[in-house]
Amino acid sequence: MSDADGLRYTRIPLNNGSDEIPALGFGTLIPDPIKTKAAVRSSLELGFRQFDCAERYRNEEHVGDAMRAVFQDGKIARKDVFVGTKLWNNNHRPDRVRPAFEASLKRLQLEYVDLYSIHTPFAFKPGDEQDPRDEKGNVIYDGATTLTDTWKGLESLVDQGHCKAIGLSNVSLEQLKEVFEAARIKPAVLQVESHPYLPQSELLDYCRKNGIVMQAFAALGHGMEPRLLDDPIVTAIAKRVQKTPPQVLLAWAVQRVTAPLTTATSAGHIAENFDISTLPDDAIKEISEGISTRIRLNPVVNTGVPGFIPRRS
Ligand SMILES: NC(=O)c1ccc[n+]([C@@H]2O[C@H](COP(=O)([O-])OP(=O)(O)OC[C@H]3O[C@@H](n4cnc5c(N)ncnc54)[C@H](OP(=O)(O)O)[C@@H]3O)[C@@H](O)[C@H]2O)c1
């Protein structure tokens, strides 16, 4: 095993025929604008080339500020960075997709994005309220818009050339199959929670067979209990291979050909998360077959209501 074995630079081909996604991704769900800017700058400078954003994170302009400043410095070119962002639930109506997409591009200060995804399969009441509620506090859904209707809106964006690939997030296998079978432009990426406590094996099998890349969020366990970073199998392997638990978890995710997302606000954690090395086959097997804890940490798949969102500033 060597630090320079290239695992951190792994790129996975996309099914749009022309692009690849860098496997190690940096997630931008950071509530504080100053921390967002600092983390995006550091992660670019420390080597990350894949970024996950969303209109729902309410910080695309801060991510865009940091990226623009780095691109202007001239050491990293826009074309070498893969940027994805996501459509929120209140914009699922096909006529709302293009304006929502253009607003994201403007906030990110980019001419195109590499990936645009539907954040959840739940259509909320169309309008500018991201979290529409009735007088009892219940979410107001939009029963008139199907996921396939919204997908068609995303296909038009690819036709118009400002978006290179399109994807889905937080959908079930059944929903993925439904969109895949109806799609003129196939989903290139599926973003779901995935880690050794939620390996998503069935979804991953379907993705592999159909050329879809699985992007894995909560790759380090979302900072929640039960703490993946303290799992005895993970910590024992980390000790054995002289890496840290986050590095073991990220290497496992890349070696099973998924694209893990992490979010860290300190430069130390960001550097650590990029400094991964290939794990021996027995360690991969031990994680995949020896860990039996099963838990979903993020409930967004149940209702479309997210757990971790910055407050409106
Ligand atoms: N599609 C969706 O619905 C969805 C949902 C959630 C997240 N996401 C995406 O996934 C991204 C990743 O978020 P996540 O919460 O899943 O990330 P995560 O990396 O599993 O968890 C983040 C937590 O781990 C800590 N951490 C990061 N690196 C560490 C290290 N080397 N050592 C110790 N602790 C470390 C962070 O603390 P520090 O800040 O102190 O470093 C933070 O508390 C998000 O930013 C977002 O882009 C998508």
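Scope of the values below: all heavy atoms of this structure, side chains included, with no hydrogens, waters or symmetry mates. When a ligand or atom number is given, it counts from 1 through the structure's own listing order.
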Any atoms of ligand 1 less than 4.0 Å from a non-hydrogen atom of [X]? List them with their elements.
{"X": "S169", "result": "1 (N)"}
{"X": "T265", "result": "38 (P), 39 (O), 40 (O), 41 (O)"}
{"X": "Y57", "result": "4 (C), 8 (N), 9 (C), 46 (C), 47 (O), 48 (C)"}
{"X": "N170", "result": "1 (N), 2 (C), 3 (O)"}
{"X": "L220", "result": "19 (O), 20 (O), 27 (C), 28 (N), 29 (C)"}
{"X": "A264", "result": "27 (C), 28 (N), 39 (O), 41 (O)"}
{"X": "T262", "result": "12 (C), 19 (O)"}
{"X": "G27", "result": "11 (C), 44 (C), 45 (O), 47 (O)"}

Going by atom type alone, with no hydrogens or angles, which donor-acceptor pairs under 3.5 Å involve a side-chain atom of residues 46-55 and a protein atom two or more places apart or on another chain?
{"from": "R49", "atom 1": "NH1", "to": "L44", "atom 2": "O", "distance (Å)": "2.8"}
{"from": "Q50", "atom 1": "OE1", "to": "Q215", "atom 2": "NE2", "distance (Å)": "2.8"}
{"from": "Q50", "atom 1": "NE2", "to": "P22", "atom 2": "O", "distance (Å)": "3.0"}
{"from": "D52", "atom 1": "OD1", "to": "K86", "atom 2": "NZ", "distance (Å)": "3.0"}
{"from": "D52", "atom 1": "OD1", "to": "Q191", "atom 2": "NE2", "distance (Å)": "2.9"}
{"from": "D52", "atom 1": "OD2", "to": "K86", "atom 2": "NZ", "distance (Å)": "2.8"}
{"from": "E55", "atom 1": "OE1", "to": "N91", "atom 2": "ND2", "distance (Å)": "3.1"}
{"from": "E55", "atom 1": "OE2", "to": "W88", "atom 2": "N", "distance (Å)": "2.7"}
{"from": "E55", "atom 1": "OE2", "to": "N91", "atom 2": "ND2", "distance (Å)": "3.3"}

For this session: Could you tell me whether ligand 1 has any atom less than 4.0 Å away from a heavy atom of V301?
Result: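 Distance cut 4.0 Å: V301 fails for ligand 1.
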For this session: Please verify whether a non-hydrogen atom of F26 lies at under 4.0 Å from ligand 1.
Result: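 So F26 does not count as touching ligand 1.
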Exercise. Is L229 in polar range of ligand 1, meaning some N or O pair under 3.5 Å apart?
Worked result: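 N/O-N/O distance under 3.5 Å: no.
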Exercise. Quick one: does F217 get an N or O within less than 3.5 Å of an N or O on ligand 1?
Worked result: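 Between F217 and ligand 1 (N or O atoms, distance only) the closest approach is not under 3.5 Å.
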Heavy-atom distance to [atom]: which of [options] wins?
{"atom": "atom 16 (O) of ligand 1", "options": "A218, A39, G304", "result": "A218"}
{"atom": "atom 13 (O) of ligand 1", "options": "T36, T120, T263", "result": "T263"}
{"atom": "atom 14 (P) of ligand 1", "options": "H269, H222, R227", "result": "H222"}

When you look at [atom1] of [X], are more than 12 heavy atoms from neighbouring residues, nucleotides or ligands closer to it than 6.0 Å?
{"X": "D281", "atom1": "CG", "value": "no"}
{"X": "Q160", "atom1": "CD", "value": "yes"}
{"X": "K186", "atom1": "NZ", "value": "yes"}
{"X": "E45", "atom1": "CD", "value": "yes"}

Heavy-atom side-chain proximity of [X] to [Y] below 4.5 angstrom:
{"X": "L108", "Y": "M67", "value": "no"}
{"X": "V179", "Y": "P187", "value": "yes"}
{"X": "V305", "Y": "R133", "value": "yes"}

Exercise. So, are D142 and K125 salt-bridged, with charged N and O less than 4.0 Å apart?
Worked result: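 Here D142 does not pair with K125 in a salt bridge, since their nearest N and O are not under 4.0 Å apart.
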How does [X] reach ligand 1, if at all, at less than 4.0 Å between non-hydrogen atoms: by side chain, backbone, both, or neither?
{"X": "A219", "result": "backbone"}
{"X": "P246", "result": "side chain"}
{"X": "I270", "result": "neither"}
{"X": "E193", "result": "neither"}
{"X": "N273", "result": "side chain"}

Problem set entry | Ring-face cation contact, Y112 with R78, 6.0 Å cut, 45° max |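 Because its charged atom sits under 6.0 Å from the ring centre and within 45° of the axis, R78 does stack over Y112.
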Problem set entry | Partners passing side chain to side chain contact (heavy atoms under 4.5 Å, CB included) against I295 (at least two apart in sequence or in another chain) |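 So I295 forms a side chain to side chain contact (heavy atoms under 4.5 Å, CB included) with Y197, P226, L297.
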Exercise. Is the backbone of K285 close enough, under 3.5 Å, to the side chain of S288 for a donor and an acceptor to pair up by distance?
Worked result: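 Not confirmed, S288 side chain does not pair with K285 backbone.
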